[in-house]
Amino acid sequence: MTMNPDLVDKTYKVIGTRVRRPDGVDKVTGRARYGADASAPGQLVGLVLRSPHAHAVIKKIDISKAEKLKGVKAVITSADFPDHTNGDRGLRDILENCMARKKALYDGHAVAAVAAVDARTAREALKLIKVDYQILPHVTEVDDAFKANAPLLHDDIFTDGITPTPTKSSNFVKQAEYGHGDIDAGFREADVIIEKSYKTEQTHQGYIEPHSCLASVSPDGMAEMWVCTQGHFVYRNQCAAILGMDANKLRVTSSEIGGGFGGKTHIWAEPLALALSRKANRPVKLTMTRDEVFRATGPTSSTSIDVKIGAKKDGTITAAFAELRYHGGAFPGNWAEFGAMTGFACYDLKNVKTVSKDCVVNRPKTAAYRAPSTPQVCFAVESTVDEVARAIGMNPVDFRIKNAAKEGTKSSYGPVYGPIGIGPTLEAAKNHPHMKAPLAKDTGRGMACGFWFNFGGQTCVDMNVTPDGNVTVAVGTIDVGGSRASLALVVAEELGVPYDAVRVVVADTSTLGHNDMTDGSRGTFSSSMAAVFATRNAIKTLRERAAKTWEIPLDEVVWEDGAARAVGAQHGNRAPLTLKEIAAAAPGSGGPIAGHAEIVADNAGVSFATHICDAHVDKETGKTTITRYTVIQDAGKAMHPAYVEGQYQGGAAQGIGWALNEEYIYGANGRLQNAGFLDYRIPVCSDLPMIDTQILEIPNPHHPYGVRGVGETSIVPPLAAVANAVTNAAGVHMNHVPMSPPRILKAIKALKA
Amino acid sequence: MSRLEIHLWGALRPLAGGASSIFIEAQTIRELFRKMGEQYPGMEPHLRRGVAVSISGKVFRDQLDTPLPPDQEIYLLPRVPGG
């Protein structure tokens with residue numbers, strides 16, 4: 001009955017089956033409650049006034065007329081948010097992003113908010129708020145932000161990572177370097193060197209459900225919030241810190257989630273709803289419009305990346321270099337640095353160097369988006385890798401296999417790899433029927449591989465046996481990708497009971513210890529590990545109860561197939577005690593039966609994937625159609641294969657949208673021009689083929705069932721896989737994502753010229 | 001207690017005089033971080049923000065009581081966010 005996670009049991013009864021999802025009926029019948037479905041008696045409508053300017057000093061805000069409007073119960077500005085951040089720069093940036101203080105830093109930055117009896121009154125009140133702006137020059141493009149004459153966003157940024165530290169503030173936040181070896185010597189050894197520059201545009205996670213919350217603060221300081229989030233414990237902690245509250249006084253209940261992908265790991269309007277409720281002494285519901293979601297919640301960085309790769313004619317890469325320039329929106333971040341860590345992680349390189357340069361621009365605060373920062377650098381690196389392979393006349397799959405990282409490889413970000421799965425995904429791609437299928441006219445085939453870290457983190461699980469011998473499980477990680485089903489499978493497997501005997505719920509923040517967010521592909525990895533340990537603790541109690549009943553020593557009782565069994569020759573004819581029988585006898589044998597686990601699930605193991613894409617390019621219009629797509633990725637162990645396939649398909653679909661259509665378009669005035677799904681086009685079903693998947697199962701030795709996180713890596717390769725397919729279809733090298741029809745047409749015309 | 005070679009990621013190297021690694025006697029991650037803060041005060045902000053420790057390829061972000069074996073590669077990395 002070990003709690004050691006470094007043990008993989010290879011035979012399962014229910015793990016790996018495609019059981020019905022516990023949230024399925026509610027979701028298809030409309031019963032499921034999302035963020036905006038919460039309501040409370042006497043609730044008010046909260047709305048936010050946002051800056052129309054990309055960069056402006058807020059000289060004065062006059063809320064007097066709005067406050068006097070009948071039906072308005074509260075109006076707030078930054079004056080209602082005293083700085084409780086105690087020198088924590090990250091928390092101060094969150095505070096300033098939620099409500100602008102001295103300056104509006106981007107189009108859409110919140111400057112005031114109202115709570116009124118209805119939406120019409122709230123809208124009228126917003127119109128009555130007068131903001132006196134002093135408009136400043138702005139910068140929205142990443143390369144422009146580094147220029148010496150660029151408009152300055154903050155006067156307290158002095159580039160970190162450069163020696164000596166500059167004495168003059170700038171938009172250049174941080175520089176970092178990774179790598180090893182001597183790239184100059186490596187490039188001298190090369191027979192072929194390809195050097196290219198790339199750009200990727202800013203994209204949004206594009207979740208269907210907008211941010212929404214209902215906040216209720218009582219005069220005694222006790223508060224509740226119902227919210228759509230990827231991490232209600234983190235929301236609680238950050239909101240409480242910003243509002244100067246004790247965390248235990250704010251109880252946060254999460255709703256179902258209509259997509260997050262990283263965008264709901266950050267707080268945006270939730271502190272405003274709480275502050276409005278505190279001021280109005282009424283519950284306040286605040287739901288963002290789609291326009292607000294685009295303008296004021298976290299998109300990715302747009303990027304500018306230079307890549308240089310050299311190789312010998314035999315296919316050995318001799319040196320690789322990249323310089324990455326990313327932005328954090330209007331606030332400092334490490335986004336380029338994460339790209340620098342991951343860019344060459346798929347390869348075994350003797351000489352490699354990456355340099356990251358992070359900056360700020362007048363755009364919304366950058367947020368994580370599935371394997372943050374990695375799809376962009378993967379696009380640049382994997383496009384160049386294909387060009388090098390082409391230049392030396394080598395098949396791109398074989399070229400990648402020859403240079404793939406393996407156990408013992410010194411990774412491009414530093415440490416030596418343990419057992420990893422890039423090789424098997426490449427070999428599977430080489431042997432996949434997709435790779436050998438014939439291609440139609442004007443259709444090309446591309447491939448790319450990708451990497452992501454994955455992590456574990458803090459997780460709690462309570463597992464309770466009901467008096468009738470069924471099981472409830474309370475978990476603190478949000479279910480964004482099927483974790484409730486996976487946890488029920490785990491508990492059923494451990495206990496030896498049917499899947500339907502286990503019900504899993506996401507508990508609120510007052511009923512469990514702290515849980516980290518569902519991000520970093522950690523949800524199922526960490527919470528299933530905690531569920532295994534909680535169940536094993538409960539099984540120990542069940543054995544003790546049986547031992548008491550039988551009046552025999554505990555070590556003569558084992559747990560098998562949902563029942564306690566006495567072992568030893570003297571107990572040969574004793575009938576087992578089932579879970580139901582032990583549960584029924586619980587009042588007289590010690591009371592309720594439960595198991596708990598509070599863990600830090602470190603050592604998640606890194607993740608690799610290889611994608612194959614067929615793309616048809618209409619050379620008259622520049623339109624690209626994806627005709628076939630295959631995702632190959634290691635899941636360690638797919639507890640619920642349908643959910644794993646869904647993660648693979650979802651990541652690929654989002655990556656294809658990023659590759660072909662999605663981008664934030666800013667006007668010369670610094671305002672976002674396409675803040676809606678009509679003009680910011682994410683792929684719909686009719687845009688995509690059935691995305692095929694191949695799940696590899698190379699057990700993670702650091703999880704009791706061998707599980708690896710699967711939620712993020714599948715968005716990493718698509719940009720490059722699509723680009724390489726487009727190159728092979730139309731003969732043009734696309735170095736700017738998205739590869740929209742105008743950009744492809746321009747490239748085709750340039751090629752003809 | 002043996003002296004461990006601690007490999008630094010790029011951002012920490014300027015704070016160690018440009019060295020790619022430093023040598024510290026420590027038995028656990030907690031002890032390592034404490035001594036790093038004492039010996040290299042400039043690294044304190046990084047330690048507060050969070051540092052991950054790779055022990056021969058196994059990455060530990062949170063478990064500060066994790067032992068640091070003397071014969072393993074120890075590599076410090078920034079904590080990476082997820083989506």
Side-chain angles (χ1 to χ4, degrees), chain A residues 90 160-163 174-180 205 260-263 265 334 337-338 340-342 354-356 367-373 407 411 413-420 452-458 516-522 600-606 702 709 711-712 715, chain B residues 4-22 28-30 32-33 36-37 40-83:
Chain A
D160 191 14
I162 290 180
T163 306
K174 183 179 184 184
Q175 176 168 308
E177 289 185 15
Y178 288 84
H180 54 260
Q205 295 86 350
F261 315 112
T265 60
N334 297 339
E337 184 171 9
F338 304 140
M341 294 172 75
T342 56
T354 54
V355 178
S356 65
Y369 181 15
R370 260 185 153 148
S373 300
E407 184 171 1
S411 69
Y413 58 90
V416 171
Y417 284 125
I420 55 173
W452 180 241
F453 286 104
N454 291 347
F455 51 78
Q458 300 180 73
D516 289 339
M517 295 177 288
T518 299
D519 66 345
S521 301
R522 68 172 289 277
V600 175
D602 258 340
N603 201 4
V606 296
H702 310 301
E712 295 176 286
I715 201 173
Chain B
L4 303 173
E5 182 175 12
I6 311 297
H7 298 274
L8 307 175
W9 89 86
L12 293 185
R13 292 175 186 175
L15 306 171
S20 60
S21 62
I22 56 178
T28 65
I29 293 174
R30 186 187 308 282
L32 169 66
F33 286 177
M36 282 174 62
Y40 302 93
M43 293 185 188
E44 268 291 347
H46 291 278
L47 295 170
R48 276 200 304 275
R49 281 199 294 269
V51 171
V53 181
S54 169
I55 303 173
S56 290
K58 299 180 182 179
V59 178
F60 295 86
R61 292 164 32 109
D62 297 296
Q63 295 185 44
L64 298 182
D65 295 323
T66 301
L68 296 173
D71 54 347
Q72 309 274 306
E73 180 203 64
I74 299 169
Y75 214 110
L76 305 187
L77 298 166
R79 283 173 69 99
V80 175

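Every chain is numbered from 1, with letters handed out A, B, ... down the list of sequences.
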Peer 1: Tell me yes or no: between the side chains of Trp9(B) and Glu177(A), is some donor less than 3.5 Å from an acceptor?
Peer 2: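 There is no such pair between these side chains.
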
Peer 1: Need one label for Glu337(A): side chain, backbone, both or neither, based on atoms under 4.5 Å from any heavy atom in chain B.
Peer 2: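 Side chain of Glu337(A) only, per the 4.5 Å heavy-atom cut-off to chain B.
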
Peer 1: Could you measure the distance from the CG atom of Asn603(A) to the CD atom of Gln63(B)? Nearest 0.5 Å is fine.
Peer 2: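 Rounded to the nearest 0.5 Å, the CG-CD separation comes out at 8.5 Å.
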
Peer 1: Considering only heavy atoms and a distance below 4.5 Å, find which of Pro415(A), Gly263(A), Gly520(A) pairs most often with chain B.
Peer 2: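 Ranked by heavy-atom pairs under 4.5 Å with chain B, first place is Pro415(A).
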
Peer 1: So, the side chain of Glu712(A) versus the backbone of Gly82(B): is there a donor-acceptor pair under 3.5 Å, distance only?
Peer 2: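 No.
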
Peer 1: Looking at chain B, which one of Tyr369(A), Phe338(A), Tyr417(A) has the largest number of heavy-atom pairs inside 4.5 Å, strictly under?
Peer 2: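 So the answer, after comparing Tyr369(A), Phe338(A), Tyr417(A), is Phe338(A).
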
Peer 1: If I measure from the heavy atoms of chain B, does Met341(A) come under 4.5 Å with its side chain, its backbone, both, or neither?
Peer 2: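 Answer is side chain: those atoms of Met341(A) sit under 4.5 Å from chain B.
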
Peer 1: Less than 4.5 Å apart, any side-chain heavy atom of Asp160(A) and any of His46(B)?
Peer 2: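 When only atoms from C-beta onward are counted, His46(B) and Asp160(A) do touch, with a gap below 4.5 Å.
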
Peer 1: How long is the straight-line distance from OH of Tyr413(A) back to OG of Ser54(B), given to the nearest 0.5 Å?
Peer 2: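 Answer for the OG-OH pair, Ser54(B) versus Tyr413(A), is 7.0 Å.
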
Peer 1: Check whether Val59(B) gets within reach of chain A through its side chain, its backbone, both or neither, counting any heavy atom under 4.5 Å.
Peer 2: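 The backbone, not the side chain.
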
Peer 1: Checking Phe261(A) against chain B: side chain, backbone, both or neither under 4.5 Å from a heavy atom?
Peer 2: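 Backbone only.
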
Peer 1: Given that the side chain runs from C-beta out, which part of Ser373(A) has a heavy atom under 4.5 Å from chain B: side chain, backbone, both or neither?
Peer 2: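 Answer is neither: Ser373(A) stays 4.5 Å or more from chain B.
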
Peer 1: Among the options Gly262(A), Ala371(A), Gly414(A), Ala176(A), pick out the one with the most heavy-atom pairs lying under 4.5 Å from chain B.
Peer 2: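 Highest number of pairs under 4.5 Å: Gly414(A).
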
